[in-house]
2 protein chains.
Amino acid sequence: MVSKSVESKREKTIRRILDAAAKIFAESGFEGARMDEIAKQAKINKAMIYYHIGDKKALYAQVLHDIIGNAAEHFINNLDENQSPEQKLKYYINALTRTMDQNPLLAPIMMREQASGGQNLPEIIAGDFALIIGMVTNILEEGAKQGVFIKTTPFIIYSLVTGGVMFYKGSYPVRSRYAVFPENVKKLGDRVSGEVSSEIEKLILKAVKK
Amino acid sequence: MVSKSVESKREKTIRRILDAAAKIFAESGFEGARMDEIAKQAKINKAMIYYHIGDKKALYAQVLHDIIGNAAEHFINNLDENQSPEQKLKYYINALTRTMDQNPLLAPIMMREQASGGQNLPEIIAGDFALIIGMVTNILEEGAKQGVFIKTTPFIIYSLVTGGVMFYKGSYPVRSRYAVFPENVKKLGDRVSGEVSSEIEKLILKAVKK
DNA sequence: AACAAGTTTAACTAAACAGTTAGTTTTACT
DNA sequence: AGTAAAACTAACTGTTTAGTTAAACTTGTT
């Protein structure tokens, strides 16, 4: 039988590996990530990755599930069905920005996954995305039915919000690296919850309200 | 002296290399791209890349300049300064979507560059982006000064539009691959100019108009 | 035709890489 | 204390990769 302390040691090693892997995959992408570098970052022997988790693909799938799967679940479970469509749409933008700030690796990993056409995206994760898209679609259709929202293509709204937030946050390293960018851009940070979220909420609601 | 026909032969080889490289870099990213695969795709000997252009980094920089630099220039030169801020903002969205459709490699390459924090982004290309951001900023500030637009953070509008368009277009392979996505999403294509552009123009203008 | 400059090729090298293995230490349980 | 399973380590292997080189071919010029 496996005792508690052995279990916790195992879990600790796995946690170190997954944290390091998420960081390296976010920085360098699947192809750019080096197993030796992940091991070094995690301060464990490289063979431990193969022992506890598996090869590079298995490790990547695990990282995706860890980061995206949990976020998606949290997202949907916390939506209050009794709120108005306006409030729900605000909730979505607010929850999205907070999730992105809480896990800064989400934006780069999602962007890379999209750029590669989802070559390494497990179907379960695609299902998580589908749930969120369905949620936003319902909010917008409910609003249109109630006559508070204009008729829109929900996926376009979803794209503007999700893509916009990812773009804003993801552009931070580039914005801050190069001196060529204008000062009004250079003074912005990488935080999207808070003021940025408020402004996006206002803009999007103004756009869709009847 | 270098004659016409030698020159055209040289140019032809370089063109083959750059076209192949753009495709492979878009599909696989900088780290994922293989010099042998680019050579095979271009139907030339791998040594020709090093002879005519240089190493992998130089090739990537050349591809970026070819795709982004030209687009950015075209963008700014075609803006009609005599138009109203509303018309200019519409022009920007319209030009962006047409550029994205004309060059399908732009979206994935830009997304990867952002995800990597611009690790391989030459400063000249960053300057091209800065010009476009400056253009959008001017349009929005001009509109606000004239009292036709509300006061906004221009870079947020820029992010919503650019990120939104890239997200919509970039998500096409994932949307069409997996059966889990709802039908209202599955029926959408990857084209962003035309109907998608019109709807984004309407939404964004509605959002920023006083 | 002879030459030189530009272009192309196939074969090569050295380094980096994912993944393995045999042997060692740690842990939990009796 | 003894033991067996689990966790770990260092050194290794075979392959893939970016980049090179020397020799051959092509083209324009005299």
Side-chain angles (χ1 to χ4, degrees), chain A residues 1-64 112 116 119-120 122, chain B residues 1-64 109 112 116 119-122:
Chain A
M1 187 221 158
V2 185
S3 83
K4 226 181 205 170
S5 77
V6 167
E7 190 69 7
S8 77
K9 196 180 181 190
R10 177 191 172 81
E11 307 270 279
K12 191 187 162 194
T13 303
I14 290 178
R15 180 52 40 207
R16 297 179 73 86
I17 293 171
L18 290 179
D19 286 349
K23 194 186 164 214
I24 303 292
F25 279 131
E27 275 171 18
S28 314
F30 180 78
E31 289 90 356
R34 303 293 162 222
M35 296 298 272
D36 286 280
E37 209 190 335
I38 291 169
K40 194 183 164 192
Q41 173 95 50
K43 286 172 186 161
I44 50 96
N45 190 287
K46 183 173 61 160
M48 283 300 92
I49 303 174
Y50 295 89
Y51 177 72
H52 285 296
I53 291 166
D55 65 8
K56 197 179 179 182
K57 280 199 167 185
L59 176 61
Y60 187 66
Q62 190 71 53
V63 167
L64 282 186
R112 278 184 205 277
S116 76
Q119 279 171 348
N120 300 302
Chain B
M1 187 220 160
V2 185
S3 82
K4 225 180 208 172
S5 76
V6 168
E7 190 68 6
S8 76
K9 196 180 180 186
R10 176 190 174 82
E11 306 270 280
K12 191 187 161 194
T13 303
I14 291 179
R15 181 49 42 205
R16 297 180 72 86
I17 293 171
L18 291 179
D19 286 349
K23 194 187 163 214
I24 303 293
F25 279 130
E27 275 170 19
S28 313
F30 179 79
E31 289 90 355
R34 301 294 162 225
M35 296 298 273
D36 286 280
E37 208 189 336
I38 291 169
K40 194 184 165 191
Q41 172 96 45
K43 286 172 188 161
I44 49 95
N45 190 286
K46 182 175 62 161
M48 284 298 90
I49 302 174
Y50 295 89
Y51 177 72
H52 285 296
I53 292 165
D55 66 8
K56 197 180 181 184
K57 280 199 165 185
L59 176 61
Y60 187 67
Q62 190 71 54
V63 166
L64 282 185
I109 286 182
R112 278 183 205 278
S116 75
Q119 278 171 349
N120 300 300
L121 193 76

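Convention: sequence-line order gives letters A, B, ...; per-chain numbering from 1.
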Sequence neighbours excluded, which residues qualify as side chain to side chain contact (heavy atoms under 4.5 Å, CB included) partners of A:Ala26? A:Leu105, A:Pro108, A:Ile109
Distance in Å, B:Glu37 CD paired with B:Ile24 CD1, rounded so as to fall on 0.5 Å steps: 4.0 Å
Please name all residues satisfying side chain to side chain contact (heavy atoms under 4.5 Å, CB included) with A:Asp19, sequence neighbours left out, ordered by chain then number. A:Arg15
Over 60° means perpendicular and under 30° means parallel, so tell me whether B:Phe30 and B:Phe25 are parallel, tilted or perpendicular. parallel
Short side-chain N/O contact to D:dC8 OP1/OP2 from A:Thr13, under 4.0 Å: yes
Atom-pair distance (CD1 on A:Ile14; C1' on D:dA6), nearest Å: 12 Å
Once rounded to the nearest 0.5 Å, what's the spacing between atom NZ of B:Lys56 and atom CZ of B:Arg34? 5.5 Å
Between N or O atoms, less than 3.5 Å apart, protein on one side and nucleotides 24-26 of chain C on the other: list the pairs.
residue, atom, partner, partner atom, Å
C:dT26, O3', A:Lys9, NZ, 3.4

Looking at A:Arg10, does any N or O in its side chain come under 4.0 Å of the phosphate oxygens OP1/OP2 on D:dA6? no
Identify the heavy atoms of A:Ala33 and A:Ser28 that sit nearest to each other, and give their distance. N-CB, 3.8 Å
So how far is it from B:Ile53 CD1 to B:Ile17 CD1, rounded to the nearest 0.5 Å? 4.5 Å
Between OH of B:Tyr60 and P of D:dA18 the distance, given in whole Å, is 15 Å
Any donor-acceptor pair, under 3.5 Å, between the side chain of A:Asn45 and the base of D:dA7, if you only look at N and O atoms? no
Which pair of heavy atoms, one from B:Ile38 and one from B:Ile49, lies closest together, and at what distance? CG2-CD1, 4.0 Å
Taking A:Arg112 for its side chain and A:Glu27 for its backbone only, find out whether a donor-acceptor pair lies under 3.5 Å. yes
To the nearest 0.5 Å, what is the distance between CD (B:Glu31) and OH (B:Tyr60)? 8.5 Å
In residues 46-57 of chain A, which residues come under 4.0 Å of DNA chain D by heavy atom? A:Ala47, A:Met48, A:Tyr51, A:His52
Starting at atom NZ of A:Lys12, determine the distance to atom P of C:dT27, rounded to an integer number of angstrom. 11 Å
Those residues of residues 15-39 of chain A lying under 4.0 Å from DNA chain D by at least one heavy atom: none
Show me the side-chain donor-acceptor pairs of residues 39-46 of chain A shorter than 3.5 Å, one per line, residues at least two apart or across chains.
residue, atom, partner, partner atom, Å
A:Gln41, OE1, A:Lys23, NZ, 3.3
A:Asn45, OD1, A:Ala47, N, 3.0

Gap between atoms CD and C1', on B:Glu11 and C:dT8 respectively (whole Å): 17 Å
